[in-house]
Amino acid sequence: MTENEPQKYARSKEIYQRIRCMRCTHRIDLEKDQKEAYCPACGLGWVITWVTPDIPMVLRRIMPNIPK
Amino acid sequence: MRQVAYVDLTNRKVTIKPIPEDLLRKFLGGRGIGSYLLYNHTTKGIHPLSPENPLIFSPGLMTGQFANAMGRCHVNGKSPDTGKYGDSNIGGAFGAELMYAGLQALVITGKAAKPTYLFIDNDKIQLRDASKLWGKDTFQTQLGVWDELQDPDVKVACIGEAGEHQVGFACILHQLKRSAGRTGQGALMGSKNLKAVAVRGSQSLPVKDPQKLLEITRRQYEYIRRTKIFEITKRWSNLFAWVVNNEREGIVVRNHRANFYPEGYGHLDVDIFLDKYSEKMLACQQCAMHCEHRYEVKEGPYKGLKGEGPEWIAPLHFGALVGNIHWDVILASFEKTNRFGIDASTFGLYLAWLMDIYDRGLIGKEQTGGIDFNFGSAEAMVKLPELINKDEGIGKVISHGADEAIRQLGDKTGEFLYRCGRGLTQEAVNDRILRATCLGDQTSNRGNDHLRGRCNLEFMGLPAEVLSKIIGRPTNPDPYAWDTKAFFAMWQQNLNTMSDCLGLCKFWTQWFAPDLFGFEQPLEVINAVTGWNMTKDELWEASERVWNMEKMFNVRDGEDRRHDTPPKIFFEPIKEGARKGLCLEPDKWNALLDEYYDLRGWDRNGIPKPETLKRLKLDKEPSHII
């Protein structure tokens with residue numbers, strides 16, 4: 001594909017082993033296979049799953065009392 | 001030369017005409033040529049279920065070509081659900097097969113005297129008796145057509161009983177879940193006594209520069225498969241959108257009682273679906289992404305159930321929206337809507353409304369036929385599709401338009417059925433917290449619509465410089481800011497229009513992720529296939545033209561600014577959660593709408609100005625060229 005300038009730029013900024021805080025969109029760097037992470041900006045915690053060995057995804061937020 | 005076939009079901013007459021190349025270049029294919037044909041073959045105030053209202057199938061301009069993700073087909077017709085411009089888009093292999101049969105568009109008018117299905121076998125179009133198929137569901141209908149034609153490679157788009165009963169939100173289904181869902185095109189098909197359209201095509205598609213197309217397709221594929229979104233989608237499908245929207249409190253829970261659904265934690269998590277139900281991933285024709293699950297329920301009351309999907313709409317509209325936390329109930333209800341040819345999205349919205357008014361005591365078991373309609377009721381979720389399918393009981397009440405349902409259930413119930421200005425039920429997304437997204441959705445010509453105007457890049461937290469480079473103008477990345485959002489919405493609408501016109505899946509475009517296709521990549525494909533040497537500006541203008549063509553259809557029927565108004569609840573502050581207090585402010589909304597109208601070249605009432613129509617070469621419409 002002929003990458004246009006914005007796409008090249010977006011790709012150059014793409015970092016694996018990183019998630020985005022779903023609350024405040026702050027980026028959070030992760031260690032390999034890390035299962036949980038807290039957002040340094042807003043403090044919210046996230047449960048992580050790994051789609052591939054390099055690509056983490058947020059599964060849900062960490063809540064002390066999950067409603068039943 | 002690409003062709004359009006006109007089928008008059010009343011007189012059983014078929015006419016095939018060539019489409020002039022300059023018309024294709026103006027409107028492209030798919031949604032573009034579909035909206036042109038719809039405008040040209042209807043008159044002001046036509047009844048959506050009248051025989052004169054055409055049902056139009058139009059594959060995208062590049063559908064079926066050896067190009068990535070170019071496999072989609074558009075369906076146009078005045079909407080039986082809203083009485084306004086209606087269209088829907090369908091994946092799978094149906095569109096490509098129409099192209100291989102030599103048809104860029106199929107226009108069906110009239111009403112057959114008895115149940116009929118169309119069989120298109122390359123240049124031959126036959127009207128065949130569908131009496132044996134009438135009353136069958138969409139899965140049985142496809143099997144029945146294959147059996148009768150003795151050819152399982154025939155691609156079939158059909159309706160279920162819901163379409164036969166002209167349920168306002170009946171869909172047209174292809175394969176197990178590919179559906180032209182919103183705006184009730186299934187009801188239009190049913191009103192014509194048309195059960196199915198079956199297509200077999202074996203013609204090749206001309207390509208101006210095959211070597212170049214091959215090289216472009218390979219290059220684009222190599223690029224896309226290295227993106228993160230490709231890896232995620234081919235494993236999760238778009239179920240990640242369910243997580244994203246729930247976590248940012250951007251969904252609608254229990255019919256607007258909340259915007260975040262922690263009750264689903266540990267139940268509706270995506271990994272539970274992947275571990276327990278997903279069997280394999282499937283794809284539409286021409287696509288390498290494989291974004292669709294095939295699932296099987298292996299235990300419990302729905303053991304043995306198999307189906308395809310679900311997309312993010314399933315846990316949203318069959319989960320959070322109706323207060324349900326069980327994947328198997330979601331899958332059971334979702335499968336029934338597909339099987340019966342009911343639009344799953346609209347179904348969930350009506351179900352949530354019924355549960356809401358049941359909970360408020362505005363209806364009781366005497367109206368529901370003894371069925372428990374409390375939030376989360378599995379009984380209601382599984383039985384309501386059957387009642388709609390049979391046009392019985394509470395199913396019949398909601399099947400023939402929101403106004404009719406409110407009339408039967410009481411005016412007070414209408415306060416809790418949320419509809420956009422064009423009358424389409426409001427999708428279960430909390431649009432009031434996002435400015436460009438809300439504007440893009442609410443000004444969509446078929447009604448509020450995430451597939452037309454949702455600006456997904458708005459809430460990805462992209463740096464301003466990245467977002468601005470993508471959009472092509474300085475753009476404020478703050479989703480709650482009001483400035484610069486009118487052009488953002490317009491850019492998104494034009495990009496999505498271009499996708500629908502070409503037959504390109506939006507999952508491959510910057511609607512979905514910032515590093516996917518913009519206008520340039522599909523343009524490369526168009527030029528390799530047609531040799532037109534089209535420019536990006538010309539493609540942008542064609543998208544704008546198509547948007548205005550659709551708008552003209554609505555304006556002809558008396559549409560104005562009022563129809564771009566979101567539901568009243570969007571102007572009420574959110575009561576709890578991280579977005580507490582946020583809402584649309586009327587003054588700012590109206591200013592944003594004015595800015596959008598200016599960019600579009602419309603007057604303050606939302607009507608395209610004469611000079612805009614002239615610039616877009618729409619001033620002579622209807623031109624009746626084909």
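Reminder, nothing fancy here: chain letters follow the sequence lines and each chain counts from 1.
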K.L.:
Other residues, nucleotides and ligands only: do more than 12 of their heavy atoms fall within 6.0 Å of CZ on B:Phe66?
P.N.:
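Count not over threshold, so no.
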K.L.:
Examine whether an atom of B:Arg248 lies under 4.5 Å from a heavy atom of chain A, and if so say whether it belongs to the side chain, the backbone or both; otherwise answer neither.
P.N.:
both
K.L.:
May I ask you to check whether over 12 heavy atoms, not counting those of B:Glu222, lie within 6.0 Å of atom CD?
P.N.:
yes
K.L.:
Measure B:Trp242 against the heavy atoms of chain A and call it side chain, backbone, both or neither at under 4.5 Å.
P.N.:
neither
K.L.:
Listed by residue number, which members of residues 47-58 of chain A have a heavy atom under 4.5 Å from any heavy atom of chain B?
P.N.:
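When heavy atoms of chain B are the reference, residues 47-58 of chain A contributes A:Thr49, A:Val51, A:Thr52, A:Ile55, A:Met57, A:Val58 within the under-4.5 Å range.
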K.L.:
Salt bridge check: are A:Arg61 and B:Glu249 linked by an N-O gap of less than 4.0 Å?
P.N.:
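B:Glu249 and A:Arg61: salt-bridged.
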K.L.:
With B:Glu215, which residues qualify under salt bridge (charged side-chain N to carboxylate O under 4.0 Å, His left out), at least two apart?
P.N.:
B:Arg219
K.L.:
If you compare all heavy atoms of A:Leu59 against all heavy atoms of B:Val270, which two are closest, and at what distance to 0.1 Å?
P.N.:
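Of all heavy-atom pairs spanning A:Leu59 and B:Val270, the closest is CD1-N, 4.3 Å.
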K.L.:
Restricting to side chain to side chain contact (heavy atoms under 4.5 Å, CB included), what partner residues turn up for B:Ala513, sequence neighbours left out?
P.N.:
B:Ile229, B:Asp515, B:Leu516
K.L.:
Shortest non-hydrogen contact from A:Arg27 to B:Gly461?
P.N.:
NH1-O, 3.4 Å
K.L.:
Identify the heavy atoms of B:Gly266 and A:Arg60 that sit nearest to each other, and give their distance.
P.N.:
N-NH1, 4.2 Å
K.L.:
B:Ser499: what forms a side chain to side chain donor-acceptor pair (under 3.5 Å) with it, not counting sequence neighbours?
P.N.:
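Partners of B:Ser499 under the side chain to side chain donor-acceptor pair (under 3.5 Å) test: none.
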K.L.:
Among B:Phe240, B:Phe459, B:Phe260, single out the residue with the greatest number of heavy-atom pairs under 4.5 Å to chain A.
P.N.:
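Most heavy-atom pairs under 4.5 Å with chain A: B:Phe260.
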K.L.:
Under 4.5 Å from any heavy atom of chain A, what part of B:Tyr261 do you find: side chain, backbone, both or neither?
P.N.:
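For B:Tyr261, neither part sits under 4.5 Å from chain A.
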K.L.:
Which heavy atom of B:Glu247 sits nearest a heavy atom of A:Met22, and at what distance?
P.N.:
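That would be CB-CB, 3.4 Å.
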K.L.:
Other residues, nucleotides and ligands only: do more than 12 of their heavy atoms fall within 6.0 Å of NZ on A:Lys32?
P.N.:
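Yes.
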K.L.:
At a 4.5 Å cut-off on heavy atoms, which part of A:Arg20 comes close to chain B: side chain, backbone, both, or neither?
P.N.:
side chain
